[in-house]
Amino acid sequence: MKTVLNFACGYFKFSTNCTILGIETSCDDTGCAIVNEQGEILSEITVSQNLIHLRNGGIIPDIAQDLHRRNIELVVQKTLSQAKLCVKDLSAIAVTVKPGLPLSLPVGVKYAKYLARYYEKPLIPIHHMQAHALVPRIQNQIDFPFLVLLISGAHCLIAVAKDVDDFLLLGESMDSAPGELFDKVSRRMKLRNIPEYSQCCGGKAIELAAAKATNPQIFQLPLPLAEYKDCNFSFDGLKTSAIYKLLQKEKEHNIVVEVYLCGSLLSSWKNMCPLLNLKIIKTSFCLRWYATAVEARSESMYKRFSDIPGPKHYPVIGTLYKYLPFIGEYNAETLDKNARLNWIRYGPLVREELMPGVALLHVYAPDDMETLFRQEGRLPERRSHTAMLDYRLSKPDVYNSGGLLATNGPDWWRLRSAFQKNFTSPQSVKNHVTTTDGVVRDFIRWIKTERSSDSDDFLPYLNRLFLEVIGLIAFGEKFNSFSVEEQAQHSRSSKTILAAFQSNSGIMKLDKGIMWRFIRSPLYRKLAYSQDYLEKVSKEILLKKMHFFEKDSGAEPLCLLESFLNQPNVDMKDINGMMVDILMAAIDTTSYSTSFALYHLARHSDIQRRLFEEAKNLLPDHEGSISSEVLSKAYYTRSCIRESLRLNPVSIGIGRVLQNDIILSEYLIPKGTVVVTQNMTSCRLPQYARDPLHFRPERWQRDSHQHEVLHPFLSLPFGFGPRSCIARRLAEQNICITILRLVRQFELRWDGGELDVRTFLINKPNRPDSKRVFNADEIALNTRFGSCPSTGRVLAAKGDKNIYAVEQGNSKENACGLCPFDENAIDYYKCLDGPRSVEETDRQTADNDENKVMSIKIAVCLSALCMVVHSAPEPVPRRTLPALQHEEVHDELGQYALRYVTAEGSVVSERGWLVPSLVDGGHVLAYEGQYTFRGDDGETYVTKYRADPTGFHVDANHVPKASAR
Ligand code: HEM
């Protein structure tokens with residue numbers, strides 16, 4: 001009670017004759033006191049509910065509320081009469097408003113409000129913990145700032161008190177509070193059954209019992225967070241191991257052991273709170289104190305958030321102008337490039353005022369990422385999916401909340417804790433191995449026998465594959481998405497895949513804007529439409545399956561939906577929301593990740609070979625089944641996936657909204673800041689990884705000489721902490737099975753150049769678009785489209801190397817290559833050879849035992865073909881395939897040099913390097929190159945070109961020169 005008043009007096013320190021009445025009902029005591037401006041307590045009355053709650057084994061909130069209601073008026077009246085004052089003599093009324101029991105707090109608050117209104121007195125809201133922090137000032141002269149450690153029944157924290165109402169929270173308990181620990185352990189010891197302790201709360205009973213300990217050394221208990229030198233606490237581990245030790249001892253001796261255990265507990269926990277001085281916690285508190293002292297000492301030296309470098313922002317539009325098409329230097333679909341540019345310009349911490357009131361902090365240093373994630377509380381928040389949240393909340397008949405992806409706070413935890421077990425428990429994930437394997441086997445069969453040659457883009461097939469996988473695992477539903485009917489544009493499968501993509505790609509753009517809050521923009525409507533479609537699909541399945549489950553439950557491993565339906569604390573609307581989230585989160589993420597992994601494998605035949613060896617060992621008969629045991633031995637496959645996710649994670653980084661002030665690289669980052677860790681960019685920096693741009697799975701293998709100890713927070717493809725990907729295990733398992741099977745049965749090849757990403761919330765393999773086709777340099781080089789000699793279909797623009805040749809063992813299928821060609825569109829590479837027989841293919845495989853392995857050049861991302869197919873020129877005569885030399889090097893800044901030579905003698909060389917920008921003091925990439933080819937007249941023509949901040953310049957011996965005026 002004194003704390004409330006002391007705190008309140010801070011507000012009135014300049015007034016004379018200040019007398020404040022304080023009310024406190026945050027827990028189980030109804031308290032009231034009056035204090036004057038000298039800090040003297042004129043009167044104090046507390047009515048404790050302790051004995052009543054002891055009978056119940058803990059505080060029952062509605063009983064506590066009822067008792068407060070009964071006592072509050074009496075307590076206040078007694079306090080006033082003890083001080084010989086009446087309400088009108090008071091200067092103000094103070095009351096605890098938070099934190100506390102949700103049913104108890106309002107009793108005091110309501111009564112204080114009533115007094116304040118009725119007697120026209122100021123009302124001072126008091127933060128319970130801040131008030132505790134100021135208690136030492138009642139009896140001692142303590143100047144601000146000072147450090148304070150608060151340990152109560154419900155809280156444990158360390159803070160810097162800077163002023164009466166200005167606190168910097170340095171750390172707090174990440175799980176339960178010490179009081180909870182004492183209550184639970186003493187309850188488990190059944191101390192209340194012993195008359196001596198029957199009237200004591202948990203902590204006191206343990207203290208009394210401990211005094212009788214004769215051999216306190218018999219128990220060992222862990223030091224919470226001993227290895228971390230930060231300011232957070234954790235007590236759950238201690239609680240669990242104390243209870244476990246109790247159970248163990250009871251079992252061993254079949255005796256009641258409270259005396260011994262209490263002794264040990266007490267001596268171990270000597271410093272856990274000032275009252276008990278428990279030993280183990282002393283050690284851990286010392287660590288915390290050390291870290292705190294270090295932090296607090298330098299607190300005054302922290303740099304200000306506003307001093308962090310970053311792009312210029314303006315009122316109203318923030319930095320949004322930088323994302324505008326044509327004029328902005330950032331591209332909303334290449335966030336990784338923007339991040340890289342920012343890193344080059346501003347360093348490892350970049351502040352971006354995206355729009356007024358939304359400060360973004362881009363974090364590149366893994367140490368800072370670690371600090372960020374380690375301080376995360378129980379309810380980490382993301383600022384994303386805002387439009388989707390808005391949409392779902394506008395449909396209360398369909399959703400209870402924004403769903404797991406979009407919701408924050410306690411509602412998120414309610415959903416997460418309900419659904420989590422079904423996704424994350426190792427056993428439930430293992431149960432789905434056979435299902436996934438079955439689907440992947442069907443897929444491979446389909447590739448071999450059915451796949452049409454109409455499209456060479458492999459990515460849509462991966463989309464369909466993972467729709468099938470998640471359909472069965474999550475909903476027990478076959479989409480049959482490879483059937484002819486389901487491949488049609490308006491089928492359920494095609495529309496589901498499209499709706500999931502449209503939902504994801506709309507979200508990021510809408511998150512950046514605010515206009516949709518006022519006008520339902522086309523993008524918002526597109527999101528709403530796609531959400532609506534996913535809702536429809538999930539509702540249909542839900543209705544169908546509910547009937548089905550009644551008959552079949554217990555037969556097969558439960559699909560996720562079946563387990564959801566068995567959850568007690570979620571209803572149909574929650575389940576429906578979760579199903580839509582699964583459709584959105586599962587298809588694109590898994591297919592893009594698999595696509596990139598296949599791309600890297602296809603480009604590195606040595607690695608693919610090693611992986612093939614592993615696949616062959618694990619699956620001697622390629623028709624054999626994959627079991628969880630097989631997967632547990634697929635070490636190299638897992639390293640390949642990890643390495644691919646390092647280079648090409650589906651998300652550029654992880655977003656969080658800070659819930660406390662934190663220190664990153666000496667800057668004080670305020671609570672509420674939106675932080676984005678730039679893992680994708682950092683993973684590609686030489687500061688943090690050796691040869692960062694090289695695909696090298698061995699860096700993850702402990703037994704390899706190329707093994708590298710990477711910072712544990714550098715690559716976080718699935719996020720970190722309680723908010724990390726709920727389906728991580730499942731997704732990794734599905735990718736692992738797919739890659740093992742594909743590599744076991746096919747040879748992957750890549751004939752193109754580097755595959756890049758486009759960011760649609762999820763990083764998708766990029767593909768050429770019209771901008772690419774009409775690049776100035778390409779026009780200067782007479783670039784046009786090329787077509788496949790055998791099919792006559794247009795392939796892509798010259799210079800587009802992101803093309804895979806595709807071939808099947810099936811004689812109907814053929815492969816297409818790509819090449820540069822001249823103005824008449826005749827100089828290009830022909831299709832690779834004609835259809836291959838199985839024998840031919842076998843000859844290509846080095847392993848004679850593996851004569852059934854088919855050589856397939858898988859199109860990981862041939863979307864270019866789909867894009868330009870409409871402008872196909874007439875088929876042209878077939879030519880022989882020329883050889884092609886191609887060398888390319890890049891550095892970590894994006895500077896590069898490349899050279900390639902065609903069989904016809906054309907040579908292209910180009911280099912790109914960073915030069916200072918003339919506009920904003922940053923850097924831009926300039927490039928220059930030369931293109932040499934032999935003309936039909938036998939002459940060699942040379943075109944030199946250069947693009948830099950002064951413009952684009954071409955010089956060629958065959959291009960007419962403009963006459964000088
Ligand atoms: C390779 C595949 C996948 C990757 C790389 C991936 C990655 C991620 C990442 C980075 C996050 C955010 C984590 C954070 O904020 O710390 C996330 C969240 C999430 N993912 Fe995944 N994911 C994948 C597959 C899946 C699948 C298959 C599902 C569903 C079956 C799924 C469901 C979710 C959900 C529901 C969340 C939100 C979790 C929450 O906020 O509590 N993901 N995922």
Side-chain angles (χ1 to χ4, degrees), residues 369 372-373 376 378-385 388-389 401-409 411-420 422-424 428-429 432 436 462-463 465-475 500 503-504 507 534 538 559-561 563-564 574 577-597 638 641-642 644-657 674-677 679-680 713 715-739 757 761-764:
M369 297 180 196
L372 170 78
F373 288 116
E376 240 175 24
R378 270 181 287 186
L379 307 174
E381 288 190 8
R382 279 194 301 261
R383 184 196 173 275
S384 68
H385 299 72
M388 189 177 95
L389 180 70
S401 68
L404 203 51
L405 289 161
T407 305
N408 284 321
D411 216 21
W412 163 77
W413 178 241
R414 181 182 66 83
L415 296 173
R416 177 90 191 203
S417 49
F419 293 121
Q420 172 143 300
N422 310 305
F423 277 101
T424 53
S428 59
V429 174
H432 301 300
T436 306
L462 289 176
N463 282 158
L465 168 69
F466 289 111
L467 171 67
E468 283 306 316
V469 170
I470 205 65
L472 271 180
I473 291 180
F475 313 136
S503 284
N504 287 327
I507 278 160
L534 295 178
S538 70
C559 69
L560 294 175
L561 176 55
S563 344
F564 297 162
D574 292 325
M578 189 66 223
M579 288 172 72
V580 176
D581 279 1
I582 290 177
L583 286 173
M584 278 173 65
I587 305 169
D588 291 339
T589 51
T590 326
S591 37
Y592 299 167
S593 301
T594 309
S595 169
F596 276 116
R638 284 206 299 274
I641 296 169
R642 244 178 136 180
S644 176
L645 286 170
R646 179 185 71 83
L647 284 167
N648 293 104
V650 294
S651 160
I652 53 158
I654 311 299
R656 289 287 183 269
V657 183
V674 180
V675 181
V676 181
T677 60
N679 301 74
M680 177 168 173
F713 284 76
S715 173
L716 297 175
F718 294 93
F720 183 83
R723 195 94 212 225
S724 62
C725 179
I726 197 168
R728 175 184 186 154
R729 281 207 177 100
L730 192 62
E732 284 177 327
Q733 180 169 289
N734 293 342
I735 299 175
C736 197
I737 293 173
T738 308
I739 288 183
V757 300
L761 181 71
I762 298 171
N763 285 336
K764 185 178 182 182

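Note that these values count all heavy atoms, side chains included, but never hydrogens, waters or copies made by symmetry. Atoms within each ligand, like the ligands themselves, are counted from 1 in listed order.
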Metal site atom 21 (Fe) of ligand 1, protein N/O/S atoms found under 2.8 Å: 1

As an exercise, identify every atom of ligand 1 less than 4.0 angstrom from a heavy atom of Pro717. 5 (C), 7 (C), 10 (C)

Does any N or O atom in Arg656 lie less than 3.5 angstrom from one in ligand 1, N or O only? yes

Nearest non-hydrogen protein atom to atom 14 (C) of ligand 1, with distance, is Arg723 O, 3.2 Å

Mark the output for Phe423 as yes if a heavy-atom distance to ligand 1 is under 4.0 Å, and as no if none is. yes

Ser593 heavy atoms within 4.0 Å reach ligand 1 at atoms 1 (C)

Shortest protein heavy-atom distance from atom 38 (C) of ligand 1, along with the residue and atom involved: Arg416 NH1, 3.4 Å

Ligand 1 contacted by Phe466 (non-hydrogen, < 4.0 Å): no

Proximity flag Asp581 to ligand 1, non-hydrogen atoms under 4.0 Å: no

Is a side-chain N or O of Arg382 found less than 3.5 angstrom from the main chain of Gly655, in a donor-acceptor match? no

Within the side chain of Asn648, is there an N or O that forms a donor-acceptor pair under 3.5 Å with the backbone of Met680? no

Backbone N/O of Val469 and side chain of Thr436: donor-acceptor pair under 3.5 Å: no

I'd like to check the side chain to side chain donor-acceptor pair (under 3.5 Å) partners of Asn408; sequence neighbours left out, ordered by chain and number. Arg723

Do the side chain of Asn504 and the main chain of Met584 share a donor and acceptor less than 3.5 angstrom apart? yes

In ligand 1, which numbered atoms sit nearer than 4.0 Å to a non-hydrogen atom of Leu405? 34 (C), 36 (C), 37 (C)

Nearest-0.5 Å distance, CD1 of residue Ile726 to CZ of residue Phe419: 8.0 Å

